[in-house]
Amino acid sequence: ILLIVVTGESFRNALSVFFMQHVIQIQAQIGLMYLLYFGVGILGIPFWLIAGKRIGKHKAFCLAVAVSSVSIIGMFFLQAGQLLPFAIMFALKGFCFAAFQFLPLSMLADIVDLDTARSKEHRTGLFFAMSGMAHKLAMALGLGLSLGLLALVGFDAKAVEHTGSQLMALRVLYIIGPVLLYMTAFAIAWKYPLTSERQERIHQWVLRRNRRMQLEPQQP
């Protein structure tokens with residue numbers, strides 16, 4: 001899930017500046033848009049943490065993916081100069097940014113408990129090292145795929161003017177690329193078997209086992 005959704009994020013991030021500059025044509029406001037994006041994202045952290053506790057981490061993640069996909073699809077229909085509608089959709093996407101950052105890692109912590117219960121070993125570092133590698137790989141994949149496809153359709157970011165077909169190609173890549181990846185992550189997360197109730201039972205079992213092991217006399 002982490003690999004797929006971060007690939008989608010990296011894919012979209014690589015094309016965002018081009019999309020704002022050449023399709024929406026708001027070059028002077030690009031910095032302001034990113035400030036809005038990350039500012040709203042930080043404000044959204046408490047919401048997604050609460051949502052994860054209320055409806056389950058995987059369902060909250062699915063909600064964030066769905067909202068992100070809807071906001072990005074909405075951008076497909078925007079025309080040059082429509083700053084306010086774009087800002088609203090971009091902020092909505094930014095609001096979901098926190099969920100993409102925190103919820104998969106929180107789900108990973110639950111997986112560590114499950115692994116501890118099954119293997120009787122503490123391999124937290126291994127799991128988080130794997131997640132770090134997946135994150136870096138996903139960023140490279142998203143960047144390479146987006147810029148590679150952009151070059152394949154003949155879009156030159158340095159050019160002053162672009163044909164209608166080139167702008168449409170950029171528009172389609174910016175929308176379809178990340179949404180397809182988001183929906184793949186959604187399909188996996190929706191059927192995620194480690195629910196909050198099951199994880200709580202596993203966590204309590206691990207705690208009881210640890211207490212029992214501490215009380216057992218040590219063998220000479």
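The structure displayed is predicted, hence computed values, not measured ones.
A centroid separation of 6.0 Å or more is found between the aromatic rings of Tyr182 and Phe11.
Nearest heavy atom pair, residue Ala87 against residue Leu36, reads O-CD2, 3.5 Å. Closest of all the heavy-atom pairs between Gly41 and Ala98 is O-CB, 3.5 Å. Shortest non-hydrogen contact noted between Leu170 and Leu150 is CD1-CD1, 3.7 Å. Of all heavy-atom pairs spanning Leu103 and Trp48, the tightest one is CD2-O, 4.0 Å. Residues Ser10 and Leu143 approach most closely at OG-N, 3.2 Å, considering heavy atoms. Residues Val5 and Ala185 come closest through the heavy atom pair CB-CB, 4.3 Å.
Panel note: side chain His162, backbone Asp156; a donor-acceptor pair is recorded below 3.5 Å. When atom types are taken as modelled, the side chain of Arg171 and the backbone of Leu78 share a donor-acceptor pair closer than 3.5 angstrom. Ser68 places a side-chain N or O within 3.5 Å of a backbone atom of Ala64 that can act as its donor or acceptor partner.
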Test Phe61 against Tyr192 for side chain to side chain contact (heavy atoms under 4.5 Å, CB included), laying out the working first.
CA-CA 11 Å; Phe61 176 80; Tyr192 188 70; over 6 Å; no
Passes side chain to side chain contact (heavy atoms under 4.5 Å, CB included), Val6 versus Phe100? Steps please.
CA-CA 8 Å; Val6 174; Phe100 289 3; over 6 Å; no
Could you walk me through whether Leu152 and Leu149 pass the side chain to side chain contact (heavy atoms under 4.5 Å, CB included) check?
CA-CA 5 Å; Leu152 189 63; Leu149 290 172; 4.3 Å; yes
Evaluate side chain to side chain contact (heavy atoms under 4.5 Å, CB included) for Lys57 paired with Phe102, printing each intermediate quantity in order.
CA-CA 10 Å; Lys57 299 170 186 176; Phe102 288 98; over 6 Å; no
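In terms of hydrophobic clustering, with Ile, Leu, Val, Met, Phe, Trp and Tyr side chains grouped at heavy-atom distances under 4.5 Å, Ile176 and Met75 are assigned to a common cluster. When hydrophobic clusters are built by joining Ile, Leu, Val, Met, Phe, Trp and Tyr residues whose side-chain heavy atoms come closer than 4.5 Å, directly or via intermediates, Ile42 is not grouped with Leu92. Two different hydrophobic clusters hold Ile111 and Leu3 under the rule that ILVMFWY side chains link at heavy-atom gaps under 4.5 Å. Taking hydrophobic clusters as Ile, Leu, Val, Met, Phe, Trp and Tyr residues chained together by side-chain heavy-atom distances below 4.5 Å, Met20 shares a cluster with Ile73. Note on Leu137 and Leu2: separate hydrophobic clusters, where clusters join Ile, Leu, Val, Met, Phe, Trp and Tyr whose side-chain heavy atoms are under 4.5 Å apart, directly or indirectly.
Here the OG atom belonging to Ser16 is positioned 12.5 Å from the CD atom belonging to Gln21, to the nearest 0.5 angstrom. Distance OG1/Thr7 to CG/Leu180: 13.0 Å, rounded to 0.5 Å. The CZ atom of Phe186 sits 15.0 Å away from atom CG of Leu181, with the distance rounded to the nearest 0.5 Å. With values rounded to the nearest 0.5 angstrom, Arg12 atom CZ is found 14.0 Å from Leu173 atom CG. Separating the NE2 atom in His135 from the CD atom in Glu9 is a distance of 9.0 Å, to the nearest 0.5 Å. Atom CG of Leu167 and atom CD of Glu161 lie 10.5 Å apart (nearest 0.5 Å).
Counting heavy atoms from C-beta outward, Ile24 and Leu83 have side chains that stay 4.5 Å or more apart. Residues Pro85 and Phe77 have side chains not in contact (no heavy-atom distance under 4.5 Å, counting atoms from C-beta outward). At a threshold of 4.5 Å between non-hydrogen side-chain atoms, the residues Lys59 and Arg54 do not count as touching. A 4.5 Å side-chain heavy-atom check between Met168 and Thr163 finds every atom pair outside the cut-off.
Remark: Met89 CE is packed, more than 12 non-hydrogen atoms of other residues, nucleotides or ligands lying under 6.0 Å away. For Gln25, the CD atom sits in a packed shell: over 12 heavy atoms of surrounding residues, nucleotides or ligands are nearer than 6.0 Å.
Through direct or indirect side-chain contacts shorter than 4.5 Å among Ile, Leu, Val, Met, Phe, Trp and Tyr, Met133 is connected to no other residue.
Ring geometry for His22 against Phe155 counts as perpendicular: the plane angle is over 60°, on a 0 to 90° scale with 30° as the lower cut. The aromatic rings of Phe90 and Tyr37 lie tilted to each other, with the angle between the two planes from 30° to 60°.
Residue Tyr174 forms a ring pair (Phe, Tyr, Trp, His ring centres under 6.0 Å) with just one option from Phe18, Phe76, Phe19, and that option is Phe19.
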